[in-house]
S.K.: 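Input: one structure, supplied below.
The model shown is predicted, which means the values in this text are computed figures rather than measured ones.
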Amino acid sequence: MSPTQTQLLETLRRTVGAANVLTHEDPTTDLTAWELDWRRRERGRALAVVRPGNTQEVADVVKACAAAGTSIVPQGGNTGMVVGSTPNDSGTQVVLSLTRMNKVRKLDPGNLTITVDAGCVLQNLQEVCEKEGFLFPLSLASEGSCTIGGNLGTNAGGTQVVRFGNTRELCLGLEVVTASGEIWSGLTGLRKDNTGYDLRHLFIGSEGTLGVITAATMKLYPMPVTQLTAFAAVPSLQAAVELLGLAHKTISSGLTGFEVMGQFALSLVVKHFPQQRVPFWQDSPYCVVLENSDNESEEHARAQFERLLEAAMEMGCVTDAVVAESVAQAKALWHIRESIPLAQAQEGLNIKHDISINVSRIPEFVDLCNGKLLQAFPGARLVTYGHLGDGNLHYNVQAPEGQDQEKFLVEQEGPMNALVYDIVDAFNGSISAEHGIGSLKADKLAHHKSPVALGLMRAIKTALDPHNLMNPGKVLT
Ligand code: FAD
Ligand code: MLT
Ligand code: ZN
């Protein structure tokens, strides 16, 4: 360790307390939880994991790191999918973990807002809001461990975007520690504010490369009277898109979830979580889970769902369907959908393509891509599912049965990504709909984003972080 690093660690210990600076100096300290990404794609090595307890401490940590020329990796729940929240393997970076900063600062019922520390776990935030009769409509399968800071850092999507938008749309204000250690207090809660550039939107989705989000003011919605869930078998992706159109017409703004799941994706849930009862999966190439949130009554919502599903069956875009009879049944149906990424992880290392295409063109995209991909990579197992209501597919791939998974990734990920992303480009789509870029896709971004857009992004990065100390190597190479 260099004298500068030793001095930095001393300063950090003084700033946040020795118990909140974890290093490899003590061989019994296990830093795996901070150094290994959720998908187990890469293991880094940190100089230290630092856990500040308030915004001033974050600012002091950032200043100390800047003075020592040490780069910082902001981290929330470390559930990201693109290796964005873990350090590189140099042993020189500081992981700045926000998880001790987990307080609700203020709930303002009149303004329909809640202000929370960045390290607040999403599920805790949802529960606090629910207790007060409000809905915080961000929902991801990782909600038990991801944080609002990470959700903002990645501009997370999830299963309610079709009605409420991405995390960006739910945020009204931020508090940020800049790359030089200044505190920007932008927790206004205003719904209208046209006083120049909207800085909040620069930090949202910047994956920790421009500053550290320390708190946020988020929008709340009145809790709907009822949230009904239906699970339907559809004969094709085209049929799922037709059902979506019909659901928009019939349920309108009550449509708060519309997820599609391919047969192989569901078979992985059945295989790895055999206690779950998955309807229709053996008889249908795709199933859909829909949610209807209603402010009138459960009877009204049921009648709407019945009208929708009857019309869909008449049109031939639904072959079978079930509407949950209770909250427990609804949860079980959603649990099937949410278990897919976990089942995929159980099945082994995999390749993820988190893509978006205009909804109307998704069936055409999948037909074309399936054909080309299976021709080029015989035996590859396609795990297709996702947020069809948003045009966001998880077009994921599992190695052929019995094949060495590490070898499959090393040899096939590059050419497979290229094949899929070139088709995404041809459809004017995006190579990252909701997971972000991290370090996993940083080289791909350079190929798939326009040079003008990349130039503007680099200019923003240089202006806000001139010494490249905030999460270097992520997003931009
Ligand atoms: P981390 O993983 O810790 O960090 C993610 C990125 O944000 C990193 O670049 C990090 O540097 C940055 N960051 C973290 N905190 C801050 C901060 N305070 N200030 C600045 N930058 C920060 N994502 C979706 O969008 N939709 C889904 O449906 C979805 N489902 C998932 C299901 C599972 C089972 C899992 C494991 C993940 C899923 N994800 C999904 C991905 C992940 O949960 C989200 O990206 C989530 O928003 C990350 O939150 P986190 O607190 O874990 O952030
Ligand atoms: C999800 O929607 O479940 C995740 O974003 C998908 C994934 O893990 O690929
Ligand atoms: Zn997703």
S.K.: In plain terms, say whether Glu291 and Arg337 are close enough for a salt bridge, that is, a side-chain N and a carboxylate O under 4.0 Å apart.
M.R.: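 Answer for the salt bridge query: no.
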S.K.: To the nearest 0.5 Å, tell me how far Cys369 SG sits from Ile423 CD1.
M.R.: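 Answer rounded to 0.5 Å: 3.5 Å.
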S.K.: Does a side chain donor of either His394 or Gln344 reach within less than 3.5 Å of an acceptor in the other side chain?
M.R.: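 No, because no side-chain N or O of His394 sits under 3.5 Å from a partner of the opposite role on Gln344.
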S.K.: Just verifying a value: how many Å separate Cys317 SG and Gln238 CD, rounded to the nearest 0.5 Å?
M.R.: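 The SG atom of Cys317 sits 9.5 Å away from the CD atom of Gln238.
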S.K.: Crowded around Arg45 CZ? As in, over 12 foreign heavy atoms under 6.0 Å?
M.R.: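 Counting other residues, nucleotides and ligands, CZ of Arg45 stays at 12 neighbours or fewer.
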S.K.: Between His435 and His353, does the ring centroid distance fall short of 6.0 Å?
M.R.: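 No - the distance between ring centres of His435 and His353 does not fall below the 6.0 Å cut-off.
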S.K.: For residues Val278 and Met261, determine if any side-chain heavy atom of one lies less than 4.5 Å from a side-chain heavy atom of the other.
M.R.: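 Side chain of Val278 against side chain of Met261, heavy atoms only: no contact under 4.5 Å found.
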S.K.: Can a salt bridge be assigned to the pair Asp37 and Arg41 using a cut-off of 4.0 Å between side-chain N and carboxylate O?
M.R.: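 Salt bridge absent between Asp37 and Arg41.
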S.K.: Could you tell me whether Lys444 atom NZ has more than 12 heavy atoms of other residues or ligands within 6.0 Å of it?
M.R.: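 Atom NZ in Lys444 is packed in, count exceeds 12.
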S.K.: Quickly, which of Asn396, Val366, Leu373 forms a side chain to side chain contact (heavy atoms under 4.5 Å, CB included) with Leu382? Name it, please.
M.R.: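 That would be Leu373.
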S.K.: Go through the side-chain N and O atoms of Asp354 and Asn392 and say whether any donor and acceptor fall under 3.5 Å apart.
M.R.: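 Side-chain D/A pair, Asp354 to Asn392: present.
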S.K.: Using distance alone, with no hydrogens and no angle criterion, decide if Thr209 and Glu207 have a side-chain donor and acceptor under 3.5 Å apart.
M.R.: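 No pair is found: no donor N or O on one side chain lies under 3.5 Å from an acceptor on the other.
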S.K.: For Gln263 and Ser267, test the side chains for any donor-to-acceptor distance below 3.5 angstrom and give the result as yes or no.
M.R.: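 No, no side-chain donor-acceptor contact under 3.5 Å.
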S.K.: Kindly compute the distance separating CD (Glu175) from OG1 (Thr214), expressed to the nearest 0.5 Å.
M.R.: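 OG1 of Thr214 is found 3.5 Å from CD of Glu175.
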S.K.: Please determine if Arg43 and Glu35 form a salt bridge, counting it only when a charged side-chain N lies under 4.0 Å from a carboxylate O.
M.R.: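 Salt bridge flag = yes for Glu35 with Arg43.
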S.K.: Which pair of heavy atoms, one from Leu138 and one from Ala156, lies closest together, and at what distance?
M.R.: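 Of all heavy-atom pairs spanning Leu138 and Ala156, the closest is CD1-O, 4.2 Å.
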S.K.: Determine, for Arg200 against Asp198, whether the closest basic-nitrogen to carboxylate-oxygen distance falls under 4.0 angstrom.
M.R.: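 Salt bridge: yes.
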S.K.: May I ask you to decide if Val83's main-chain N or O and Glu42's side chain share a donor-acceptor pair within less than 3.5 Å?
M.R.: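 Here the side-chain-to-backbone pair does not exist.
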S.K.: Mind checking whether Leu9 and Met1 have side chains closer than 4.5 Å, heavy atoms only?
M.R.: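 Yes, close enough: below the 4.5 Å cut-off.
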S.K.: Could you tell me whether the side chain of Glu259 and the main chain of Val288 form a donor-acceptor pair under 3.5 Å?
M.R.: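 No: the side chain of Glu259 does not pair with the backbone of Val288.
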S.K.: Is it true that, when you exclude His335 itself, more than 12 heavy atoms of the residues, nucleotides or ligands shown sit nearer than 6.0 Å to its NE2?
M.R.: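 Incorrect, the count does not exceed 12.
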S.K.: Please tell me if the side chains of Met315 and Leu243 come closer than 4.5 Å, counting only heavy atoms from C-beta onward.
M.R.: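 No; the side chains remain at least 4.5 Å from each other.
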S.K.: Work out which heavy atom in Tyr286 is nearest to a heavy atom in Gly262; give both atom names and the distance.
M.R.: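 Reported closest heavy-atom pair: CD2-CA, 3.5 Å.
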S.K.: Before you tell me yes or no, could you show the steps for Leu199 and Val176 under side-chain contact (heavy atoms from CB on, under 4.5 Å), namely the whole-Å CA-CA distance, both residues' side-chain angles and the distance that decides it to 0.1 Å?
M.R.: CA-CA 10 Å; Leu199 300 174; Val176 173; over 6 Å; no
S.K.: Could you give the side-chain donor-acceptor pairs of residues 69-76 under 3.5 Å, partners two or more places apart or in another chain?
M.R.:
{"residue": "Ser71", "atom": "OG", "partner": "Gln93", "partner atom": "NE2", "Å": "2.9"}
{"residue": "Gln75", "atom": "NE2", "partner": "Trp34", "partner atom": "O", "Å": "3.0"}
{"residue": "Gln75", "atom": "NE2", "partner": "Ser85", "partner atom": "O", "Å": "2.7"}

S.K.: Under 3.5 Å, is there a donor-acceptor pair linking the side chains of Gln5 and Thr92?
M.R.: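 The answer is no; no qualifying pair exists.
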S.K.: Roughly how far, to the nearest 0.5 Å, is the CD atom of Gln405 from the NZ atom of Lys407?
M.R.: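 So the NZ of Lys407 and the CD of Gln405 are separated by 13.0 Å.
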S.K.: NZ of Lys461 to CZ of Arg458: how many Å apart, nearest 0.5 Å?
M.R.: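 Answer for the NZ-CZ pair, Lys461 versus Arg458, is 11.5 Å.
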S.K.: Can a side-chain donor-acceptor contact be found between Asp30 and Thr32 if the only test is distance below 3.5 angstrom?
M.R.: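 The answer is yes; a qualifying pair exists.
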S.K.: Nearest 0.5 Å, please: how far is CG in Leu244 from CG in Leu255?
M.R.: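 It is 6.5 Å, given to the nearest 0.5 Å.
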S.K.: Any chance NE2 of His248 has more than 12 other-residue heavy atoms, nucleotides or ligands included, within less than 6.0 Å?
M.R.: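 Result for NE2/His248: enclosed.
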S.K.: Hey, does the side chain of Asp320 reach the backbone of Val318 with a donor-acceptor pair shorter than 3.5 angstrom?
M.R.: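 Absent.
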S.K.: Apply salt bridge (charged side-chain N to carboxylate O under 4.0 Å, His left out) to Glu182 and Lys63, showing your working.
M.R.: CA-CA 8 Å; Glu182 288 176 302; Lys63 274 189 192 141; over 6 Å; no
S.K.: Does the Arg39 side chain pair with the main chain of Val82, one donor and one acceptor, at a distance under 3.5 Å?
M.R.: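 Flag not set: sc Arg39 to bb Val82 has no pair under 3.5 Å.
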S.K.: Do the side chain of Asn78 and the main chain of Leu36 share a donor and acceptor less than 3.5 angstrom apart?
M.R.: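 Pair found, side chain donor or acceptor close to backbone of Leu36.
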S.K.: Taking the six-membered ring for Trp, are Phe427 and Phe365 parallel (under 30°), tilted (30 to 60°) or perpendicular (over 60°)?
M.R.: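 It falls in the perpendicular class, over 60°.
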